[in-house]
There are 2 protein chains.
Amino acid sequence: MKRRNYTCGLDAAVDVMGGKWKALILWALQDGPLRFAEVRREVPGISERMLILSLRELGSAGLVHREDYREVPPKVEYSLTGFGRSLLAAMVPLGEWGEQNMAELEGLPRT
Amino acid sequence: MKRRNYTCGLDAAVDVMGGKWKALILWALQDGPLRFAEVRREVPGISERMLILSLRELGSAGLVHREDYREVPPKVEYSLTGFGRSLLAAMVPLGEWGEQNMAELEGLPRT
DNA sequence: CAGAATCCAAAAAGATACTG
DNA sequence: CAGTATCTTTTTGGATTCTG
């Protein structure tokens, strides 16, 4: 979430879930709460830094809830909020489109 | 389109239509071909530079077709391909989600 | 375990001026 | 009209080290 004045709903939606990681994190959380390290395993290639930054953005957008169990050793769980679930539902067709066309997209020449 | 090895369809889809402008350009082209200057008017705030860069990326991804009429003064039309149309269709739910939640998203504190 | 801090590189975007 | 060419700024991502 970076901007404020959106020209349309699509603009706003892409702003909130765009970028390299956020959609994948939402996707990873769809089957229930995950701990920090678990999310990391579900999103291959992400660094701790990008994970925490992305989780915080998703949190302040109201899409993800952070539950700190205040234990030692630390235990923190991340889960989708209702708002996050509604966004995830809206992303499903996009995911299916990508699934069906991945081969084509991966075969493109580099720009 | 920047990467190659996608972890899932959503990853691929966001890569191809993500960023600040590309979704808006696809959206602008939905009602038929537009000339360069017309696209620019339909996408408020975009610079000529970002417009041509984005159009080229969309073109090399096979989503947008560029038709040069080779006239003087120049006339070039951009239009969605069938592939582009299929992506646009998959983005509709996301646009509706954003439309319904724009007020909420715009009211968020800056991160 | 779940981060924070710092530094750095790369990519995306913006501003301005110019051209066939 | 439909772009190019430069330059600069901003944003994003990565690597490494450190901590409660």
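Since this is a predicted model, take the numbers as computed values, not measurements. Numbers restart at 1 for each chain; the letters A, B, ... are given by sequence-line order, proteins then strands.
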Worksheet item: Does any N or O in the side chain of B:Glu99 come within less than 3.5 Å of the main-chain N or O of B:Glu96, such that one atom is a donor and the other an acceptor?
Response: no

Practice prompt. Round to the nearest Å and state the distance from B:Arg56 atom CZ to D:dG3 atom P.
Written response: 8 Å

Worksheet item: Rounded to whole angstroms, how far apart are CZ on B:Arg70 and P on C:dG20?
Response: 16 Å

Worksheet, complete the sentence: Considering only heavy side-chain atoms of A:Arg49, the closest of D:dG13, D:dC1, C:dA2 is D:dG13

Fill in: Short side-chain N/O contact to D:dA2 OP1/OP2 from B:Arg35, under 4.0 Å
yes

Discussion item. Does A:Tyr6 form a side chain to side chain donor-acceptor pair (under 3.5 Å) with B:Glu106? I'd like the steps, not just the answer.
Written reply: CA-CA 8 Å; A:Tyr6 300 116; B:Glu106 290 189 333; over 6 Å; no

Worksheet item: Is the phosphate of D:dG14, meaning OP1 or OP2, less than 4.0 Å from a side-chain N or O of A:Lys20?
Response: yes

Discussion item. For A:Val64, run the side chain to side chain contact (heavy atoms under 4.5 Å, CB included) check against A:Thr81, A:Val39, A:Leu58 and tell me which one passes.
Written reply: A:Leu58

Worksheet entry | Any A:Arg66 side-chain N or O less than 4.0 Å from OP1/OP2 of C:dG3 | yes

Practice prompt. Name the residue closer to the 5' end of DNA chain D, choosing between A:Gly45 and A:Pro74 according to the nucleotide with the nearest heavy atom.
Written response: A:Gly45

Fill in: Integer-rounded Å distance: C:dG20 P and B:Phe36 CZ
17 Å

Item to complete: Please state how far atom CD in B:Glu38 lies from atom P in D:dA2, giving the value in whole angstrom units.
Response: 8 Å

Fill in: Whole angstrom value for the distance that separates C1' of D:dA2 from CZ of B:Arg41
12 Å

Practice prompt. Considering just the side-chain nitrogens and oxygens of B:Tyr78, establish if one lies under 4.0 Å of OP1 or OP2 belonging to D:dG3.
Written response: yes

Item to complete: Taking the side chain as every heavy atom from C-beta outward, state whether B:Arg66 and B:Leu55 have any pair of such atoms under 4.5 Å apart.
Response: no

Item to complete: Could you tell me the separation between the CE atom of B:Met50 and the P atom of D:dT11, rounded to a whole number of Å?
Response: 14 Å

Discussion item. Any non-hydrogen side-chain atom of A:Leu105 less than 4.5 Å from a side-chain atom of A:Trp97?
Written reply: yes

Worksheet, complete the sentence: In whole angstroms, the gap separating P of D:dT12 from CG of A:Leu51 amounts to 16 Å

Worksheet item: Just how far, in rounded Å, is C1' of C:dG14 from CD of B:Glu48?
Response: 13 Å

Worksheet item: Starting at the 5' end of DNA chain C, which residue's closest nucleotide do you reach first, A:Lys75 or B:Ile46?
Response: A:Lys75

